[in-house]
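The structure under discussion appears below in the form of structure tokens.
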Amino acid sequence: MNALVNEFIIKLKKRKIEGSKATAKLTAEVLRSCISQQRLPHTNQAAALIDAIRTIGEKLIAANPVELAVGNIVRRVLHIIREEDVSLTAAAVGGLAVSAGSDDEDDFKQDDHPGLSAAAVAAAARSTLRPPSLQTLLEDIPQSTAAPHTSSSGGDSEGKSKSADKNTASRKLKHNVIEAVNELIQDIATCHEQIAEQAVEHIHHNEVILTLGNSRTVMEFLCAAKEKKRSFRVFVAEGAPRYQGHALAKELVARGLQTTVITDSAIFAMISRVNMVVVGAHAVMANGGVIAPVGMNMVALAAQRHAVPFVVLAGTHKLCPLYPHNPEVLLNELKSPAELLDFGEFSDCLDFGTSSGSPLLHVVNPAFDYVPPNLVSLFITDTGGHNPSYMYRLIADYYSADDFVVKQSSIS
Amino acid sequence: MPAEGPKTATAASGELKPSNSNPVKIAKGTSQKKESPPVAATEKKGSDRATDKDRKKDVPHPRMQFDDKSRVEKAKKRSVVKQTEAKNRVELFRHLPQYEHGTRLPELESRFFQLDPVHPAVFKVGLRYLAGDISGGNARCIAMLQAFQESIKDYSTPPEKALIRDLTAKVNCYVSFLIECRPLSISMGNAIRFLKTRIAKLPLTLSESEAKATLLTDIDRFISEKIILADKVIVKHAVTKIRDGDVLLTYGSSSAVEMILLHAHELGKDFRVVVVDARPKLEGRLLLRRLVGKGVKCTYTHINAISYIMHEVTRVLLGASSVLSNGTVYSRVGTASVAMVAHSFRVPVLICCEAYKFHERVQLDSICSNELGDPEAIAKVPGRMEINHLDGWSNSDNLQLLNLIYDATPSDYVSMIITDYGMIPPTSVPVIVREYRREYLWT
């Protein structure tokens, strides 16, 4: 198991894995195999599993802190474990509630809510995993505060008294978690299609769409609209310094789309004739801000100037539950200057670590840009379209608040 | 063709269009030299009185629209340079000339000794424009004026013709040739306008040699006053805006900005320069090389990283190809993006532009009038062999490559324009165009 994790960590460190989708998928797969190989103690299995995943997750995140998809998936898996644990114990408690008449002394809780159904307990327990919404706050205060007691006491009593059930329950937790992670991997794999399905609702005849660089999601989105017999034009900005726009243009032309390649510098000039900007993202932050390939902030500003909708396509694995602080610097990565300048030509004045004193010439080649939420018109995720201001709520569906900080030291 | 008379007059009398000038009209002026009399006549009248009529004449003439098929056909018949139209033309830019690049140069070179109407010096300059040897508003303008000087030196009035008329026709012919090589910049258009006014205003009493001498000194004066001295004044003004510890950002390569930076460095000011560059021309590299050679501290980046680098920038210095009278700055493509990002980061944007490049035309976007470069330059990324997705792009009908040369920066992104008349807000551009240009340029 360690070998697998280490191999993945090395790959992350060397930036061998390109794109957040591939990273997310690999992370989920690594975590899945970790879970399946993890030996679980008899009591408190969920906590043990969470601890194990946390330890691995911490390492993975540290390997490439800029690739937020790793952290997202680690948190998603933690959340899955918590959910499965809760639903299992809830089911167990529900089972107990039915036979509550026989052993009262064990389940003091059941006396308070004698008529509680298993589903209600599960719902109550689940609600504790999420930040309290207005509804839960108003609806039933004692129930939601009491629920954790139920689950822990129920789990403990179950561990003590019914040792016969224990083995199957532990298998069940693991099994359920792995099932859920499989589902997650499936979701990541199909997020393109889910997003692309919504294309017809956003792209109409004779529209002009602008995009920057290359994003597979964007390509699928545009092609899906094309397949639905919409005819429109696409302006593709090349996306220096990687010029992936060229690859996108080639692909779009192969699918029969009217494509025009423009330089990045011509974005402002062309955007006045554009109906919609459709771009991919690297990560979406909890405040609705976007970490995107470099140059995107410029596009967003130009779009805002000309009141052109700026639409960001992002699979749910790109949703990051963190709020950004100084993301331009802290969530950025500086790439090799060789992409911009020929080293041979400027070797006399570049700093390459050997000369003393400050060099005359610096080359800056950042990989990402931060687009603040006020510049984004719409997010299209695999669950539909959302406003930037709604991102925090969407995130609450996928992550539990306890996992926002994955680092162990801060907890123990 | 008497009906064409007035049109020719306007075309010649001051409406030599910048960038997308009108080859049809100019070609008319050249091919029918007998039509020149009305030209001179109207011109004289026009400049003598500042009446309503004169003001109307000041309204810029509509430019040649290349989606007008019949007129393009006419223009083609008269052109010296045979151009083949590009295959995958961008629909949105049908109104601009889109020709195959690379095919014209060898053909023109082979005809070097056969071109009767064009003076060799002019021909040489035209070839250099075509090849891209000379670029930048000032450099192109100076090269053109010097070529005109050469041709004027060698000029002799044919018998039975008046110098004024014949020389104007000659100049028209040269200009239309230059336009075929590359659309005129606004600076060149203004310089041609100046030269033609000077020719038209030559006193009839002057002998041929005297007239030639006057013209030569006039051109010399224009170059030194309007371009060289103006740059010095701009440098003097702009240097006062550079303080110790400043981080100055510049885009592409502007001769005026380069002079400012070097002068400030000579004065011992402690500042850093961020050179932002963009494909396909990568002119910033050349500027970077020159600045680093002089010992200026530099940071180099590409235009996409502009939002990243703008945090540390305290001033943005930009050059301009022209400043239009609604305050729009017409400049190298990408300037607008840089100004926009600077504006959103609350960084002042200073435009450095000589007043002779100001123009009374107005423009709201970058599409109505622009220049298209060689699309092939976009398909290839020099030094990056692995990026070859667009090889053979012209074979697919659905794919177009667009290589815009200029863009228009809205005036609200511009904090200040530094010209030889001082530092002005963009709203004051029409004042300069109105007051100073009439006074200094046309008389």
Side-chain angles (χ1 to χ4, degrees), chain A residues 208 212 233 235 238-244 246-254 256-270 272-273 293-298 301-302 305 328-329 332 337 339-342 345-346 348-349 358-366 368-370, chain B residues 90-92 251 274 277-280 285 288-289 292-293 295-309 311 332-338 340-341 343-344 364-367 370 375 378-379 381 383-384 387-390 393 396 398-404 406-410:
Chain A
V208 180
L212 174 85
R233 298 172 166 275
F235 285 153
E238 335 176 85
R242 302 184 64 195
Y243 305 111
Q244 286 184 318
H246 290 191
L248 176 67
K250 193 182 178 191
E251 193 73 30
L252 290 178
V253 167
L257 272 164
Q258 280 283 331
T259 312
T260 307
V261 179
I262 61 172
T263 52
D264 301 317
S265 45
I267 286 172
F268 187 90
M270 298 308 295
S272 59
R273 297 298 186 273
V294 69
M296 214 59 98
N297 192 46
M298 181 176 81
L301 282 170
R305 160 90 192 183
E328 292 91 342
V329 180
N332 215 334
E339 287 178 340
L340 298 189
L341 275 188
D342 188 17
E345 201 183 331
F346 284 89
D348 51 327
C349 43
S358 62
L360 269 181
L361 175 61
H362 289 276
V363 178
V364 179
N365 184 14
F368 301 115
D369 236 358
Y370 173 69
Chain B
V90 183
E91 197 57 42
L92 194 55
Y251 174 73
V274 178
D277 208 353
R279 283 235 311 142
R285 274 186 201 176
L288 181 71
R289 185 76 260 188
V292 167
V296 182
K297 279 180 277 178
C298 288
T299 303
Y300 179 79
T301 191
H302 57 91
I303 189 161
N304 275 347
I306 186 90
S307 313
Y308 176 87
I309 204 79
H311 289 275
R332 174 72 66 224
V333 65
T335 306
S337 303
V338 172
M340 172 186 68
V341 174
H343 181 77
S344 77
L364 286 173
D365 62 15
S366 320
I367 291 167
N370 211 317
I378 296 207
V381 183
R384 301 279 292 278
I387 298 162
N388 54 1
H389 307 286
L390 296 181
W393 60 277
S396 51
N398 284 334
L399 181 61
Q400 294 110 29
L401 306 187
L402 178 66
N403 184 3
L404 274 186
Y406 296 105
D407 71 6
T409 310

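Once rounded to the nearest 0.5 Å, the distance linking CZ of Phe268(A) with CG of Asp365(B) reads 10.0 Å. Put simply, CD1 on Ile309(B) and CD on Glu328(A) are 12.5 Å apart, with the number rounded to the nearest 0.5 Å. If you take CZ on Arg289(B) and CG on Leu341(A), they are separated by 9.5 Å, rounding to the nearest 0.5 Å. Rounded to the nearest 0.5 angstrom, Ile267(A) CD1 and Asn304(B) CG are separated by 6.0 Å.
The two residues Met340(B) and Met298(A) make their nearest non-hydrogen contact at CE-O, 3.2 Å. Between Ala269(A) and Asp407(B), the shortest heavy-atom contact is CB-CB, 3.9 Å. The heavy-atom pair separating Ala266(A) from Val333(B) by the smallest distance is CA-CG2, 3.6 Å. Of all heavy-atom pairs between His389(B) and Lys250(A), the closest is O-CD, 3.1 Å. What you find for Ile387(B) and Arg242(A) is that their closest heavy atoms are CD1-O, 3.7 Å. The nearest pair of heavy atoms linking Ala249(A) to Leu399(B) is CB-CD1, 4.2 Å.
Put simply, of Ser366(B), Ser307(B), Ala408(B), the one with the most heavy-atom pairs under 4.5 Å next to chain A is Ser307(B). The most heavy-atom pairs under 4.5 Å with chain A, out of Asp277(B), Val90(B), Val296(B), Asn403(B), come from Val296(B). Per-residue counts of heavy-atom pairs under 4.5 Å with chain A were compared for Leu92(B), Asn388(B), Val338(B), Thr301(B); the largest is that of Thr301(B). Put simply, of Ala336(B), Ser396(B), Ala278(B), the one with the most heavy-atom pairs under 4.5 Å next to chain A is Ala336(B). Top candidate by heavy-atom pairs under 4.5 Å with chain A, chosen from Thr409(B), Val341(B), Leu288(B), Val274(B), is Leu288(B). Between chain B and the residues Asn332(A), Leu212(A), Val208(A), Thr263(A), the largest count of heavy-atom pairs under 4.5 Å involves Thr263(A).
Considering only heavy atoms from C-beta on, Leu402(B) comes within 4.5 Å of Ile262(A) through its side chain. A heavy-atom distance below 4.5 Å is not found between the side chains of His343(B) and Arg305(A). Contact check for Gln258(A) versus Glu91(B): no side-chain heavy atoms found under the 4.5 Å cut-off. The side-chain heavy atoms of Tyr308(B) and Val294(A), taken from C-beta on, include no pair separated by under 4.5 Å. Within the 4.5 Å cutoff, the side chain of His302(B) has no heavy atoms near those of the Asp264(A) side chain.
Using a 4.5 Å cut-off between heavy atoms, Leu401(B) contacts chain A through both its backbone and its side chain. Of the atoms belonging to Ser337(B), heavy atoms from both backbone and side chain fall under 4.5 Å from chain A. When heavy atoms are compared at a cutoff of 4.5 Å, Leu252(A) does not approach chain B at all. Contacts between Asn297(A) and chain B at a heavy-atom distance below 4.5 Å involve backbone atoms as well as side-chain atoms. Interface remark: Ile303(B) contributes backbone and side-chain atoms alike to the contact with chain A (heavy atom separation under 4.5 Å). Only the side chain of Leu404(B) comes within contact range of chain A, with at least one heavy atom under 4.5 Å from a heavy atom of that chain. For a residue to count as touching a neighbouring chain, one of its non-hydrogen atoms must lie under 4.5 Å from one of that chain's; by this rule Phe235(A) touches chain B with the side chain only. Contacts between Glu238(A) and chain B at a heavy-atom distance below 4.5 Å involve the side chain alone, from C-beta outward. When heavy atoms are compared at a cutoff of 4.5 Å, Ser272(A) approaches chain B solely by way of its side chain, counted from C-beta outward.
With Arg279(B) contributing its side chain and Pro241(A) its backbone, the two residues share no donor-acceptor pair below 3.5 Å.
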